[in-house]
Structures are given as structure tokens and as C-alpha cells.
Amino acid sequence: MALQLRVYVPPHPLVKHWLGVSRDAATPSVLFRSAMTELGRWLTYEAMRDWLPTLDLTVETPLAPCPISLINPEVPVVVVPILRAGLALMDGAKDLLPLASIYHLGLVRNEETLQASCYLNKMPSQFDPQTRVLICDPMLATGGSIMMAMDELIQRGVNPEFVRIISVVAAPPALQKLGTVYPSLTIYTACIDETLNDRGYIVPGLGDAGDRAFGT
Ligand code: PRP
Ligand code: URA
């Protein structure tokens, strides 16, 4: 059976609440950042369901033997925040993944051409092929940035089946690009908006996530 990109929009009131707060242009930076952190937390919680490897064991409770399931500590787990806006999402994610390594990736879009370029890459030259990778990027718009992030990971030996992307607003151009090149990927997003405007912003979206998160 052919693989197809999986995009989940968790129907959770907390996700809807913090999405609503982040969309409101009247929300100040400090609250916008909190909204991103909360969305990072709940989207990560959802994404972990079918992503974190577990070990089946048996322990003795005070009363009897009992089968249990623990997170497998031997499989590396990493978080990749796409700077700048992904930092606030990562703050929520890392609370749930305290042992994960964090590899920062700084990408910025050219405002005219909308092409992404990389100004910081803290990834190692090679990842263990079993590595589970959580990418945090709130906006998937033209898809240039997320495709560049995926390229950097794949070049370093990451299996796309073990990648989860969390985003706040995803748009069709980004989802189409990801689905064409990485059909085994899974994305968790708070919503999918229909269009981009002529400056590459998602509409209705939430504006410039990096500027809003950092008050610039
Ligand atoms: C924003 C956003 C994404 C990217 C998405 O970053 O955080 O990374 O745009 O756009 P794309 O899908 O068209 O590539 P931006 O370049 O504005 O940098 P910033 O986070 O530092 O503001
Ligand atoms: N980047 C943003 O921050 N917002 C958008 O709407 C699109 C790209």
C-alpha cells in the first residue's frame, strides 16, 4: 500500500483555546509566547502516542507480578526547534521530553523571494538511524523552511518515519511539498488554513510568529 502523509489536528479544547489566543492580533507578546508554549506541550503529548518507543517488562507489585510498559531509554530522542518562532513551541515540548537532546536550527525566509536560508545548524554530522526527531515550527507556509529542515535531517541519516512535526498553522503548499517528498511523515498541527497571501503569509493565520513571540 502506498504511504500517504498523515496530518492530525487534535480536536482538544486546550489546543483550540491556545490557538484562538495566538490568532488574536490584540494578544501581547508575553501571552503569545505562553500560547505557543502551551500548544507545544499539547501537540507534543498527542505526537508522542505513536512515536516514543516502549519496552514491555514484568515487575513485581507489592502483591503480584504485573506486565508494564516503559519508555525505551536506548532509543535516542531529539527535539529540533526551527528558530526563531519554534523556540516557544519547544519550551512546551521539552517539559514532556526532559531527556531529549535539543539541536537548534536557525532558518529565515527572504521577505521578497520567500526562499529559506540557514544561519545556524547545531546538528551532529550523523544521527543514529533509530533516532526519534520532533521538529517544532509553528508556521508551515510555502514549505521552504520545513523542507530545508527535513533535508538537513535526512542527510544525517534520520528515517522520516521516525520524524514528527508539530506546528500551529499549516497551509496546503507546505503539506503538498512534504507529502510528495516524505509520504511516511506525520504532522500534528492545531489547524490547517486554506491560503497564503501574496507576501507568503498564511491567511487568516496568526501573523509573523517570530515577531509576535519576541516582540520585534
Ligand atoms: C517563519 C516560521 C517558519 C517559516 C515558514 O519563520 O517560523 O519557520 O516562516 O515559512 P515557509 O513555510 O514559507 O518557509 P521566519 O523565516 O519568519 O523566521 P523567524 O521565526 O525568525 O521570524
Ligand atoms: N511565517 C510566519 O511567521 N507567518 C506566516 O503566516 C507565514 C510564515
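Note that the structure is a prediction, hence the values are computed from the model and not measured. Read the numbers this way: they start at 1 and go in the same order the structure lists the ligands and their atoms.
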Problem set entry | Donor-acceptor under 3.5 Å (K177 side chain, T142 main chain) | yes
Exercise. Who pairs with R199 by side chain to side chain donor-acceptor pair (under 3.5 Å), at least two apart in sequence or on another chain?
Worked result: none
Present, as a list of atom pairs with distances to 0.1 Å, all nitrogen or oxygen contacts under 3.5 Å between ligand 1 and the protein.
| residue | atom | partner | partner atom | Å |
| --- | --- | --- | --- | --- |
| ligand 1 | 7 (O) | D137 | OD1 | 3.3 |
| ligand 1 | 8 (O) | D137 | OD1 | 3.1 |
| ligand 1 | 8 (O) | D137 | OD2 | 2.9 |
| ligand 1 | 12 (O) | A141 | N | 2.9 |
| ligand 1 | 12 (O) | T142 | N | 3.1 |
| ligand 1 | 12 (O) | G143 | N | 2.8 |
| ligand 1 | 13 (O) | R109 | NH1 | 2.7 |
| ligand 1 | 13 (O) | T142 | N | 2.9 |
| ligand 1 | 13 (O) | T142 | OG1 | 2.5 |
| ligand 1 | 14 (O) | S145 | N | 2.9 |
| ligand 1 | 14 (O) | S145 | OG | 2.6 |
| ligand 1 | 16 (O) | R109 | N | 2.8 |
| ligand 1 | 20 (O) | R84 | N | 3.1 |
| ligand 1 | 20 (O) | A85 | N | 3.1 |
| ligand 1 | 21 (O) | R84 | N | 3.2 |
| ligand 1 | 21 (O) | R84 | NE | 2.8 |
| ligand 1 | 22 (O) | R84 | NH2 | 2.9 |

For this session: Using a strict cut-off of 4.0 Å, indicate which atoms of ligand 2 neighbour a heavy atom of D208.
Result: 3 (O)
Exercise. Would R109 count as a contact of ligand 2 if the rule is a heavy atom under 4.0 Å away?
Worked result: yes
For this session: Nearest heavy atom to atom 6 (O) of ligand 2 wins, so pick from N197, I202, V203.
Result: I202
For this session: May I ask you to decide whether D211 forms a salt bridge with R84, counting only side-chain N to carboxylate O separations under 4.0 Å?
Result: yes
Exercise. Which ligand 2 atoms does A141 reach within 4.0 Å, using its non-hydrogen atoms?
Worked result: 7 (C), 8 (C)
Exercise. Is there a chain of hydrophobic side chains (I, L, V, M, F, W, Y, each step under 4.5 Å between heavy atoms) that links W18 to Y8?
Worked result: yes
Exercise. For ligand 2, is G207 a contact, meaning one of its heavy atoms is under 4.0 Å away?
Worked result: yes
Problem set entry | Distance under 6.0 Å and angle within 45° of ring axis: R156 vs F127 | no
For this session: Ignoring angles and geometry beyond distance, decide whether G200 reaches within less than 3.5 Å of ligand 2 through its nitrogen or oxygen atoms.
Result: no
For this session: Kindly confirm or rule out a cation-pi arrangement of R212 over Y201, judged by NZ or CZ under 6.0 Å from the six-membered ring centre and within 45° of its axis?
Result: no
Exercise. Would you say Y103 and M147 are hydrophobically clustered, going by side-chain heavy atoms of ILVMFWY under 4.5 Å?
Worked result: yes
Exercise. Who's the nearest protein heavy-atom neighbour of atom 5 (C) of ligand 2, and how far?
Worked result: Y201 CD2, 3.4 Å
Problem set entry | Pairing of R41 and D91 as salt bridge, 4.0 angstrom limit | no
Problem set entry | ligand 2 N/O within reach of A209 N/O, cut-off under 3.5 Å | yes
For this session: Using distance alone, decide if ligand 2 has a nitrogen or oxygen within less than 3.5 Å of any nitrogen or oxygen in M139.
Result: no
Exercise. Going by heavy atoms in the side chains, are I154 and Y182 under 4.5 Å from each other?
Worked result: yes
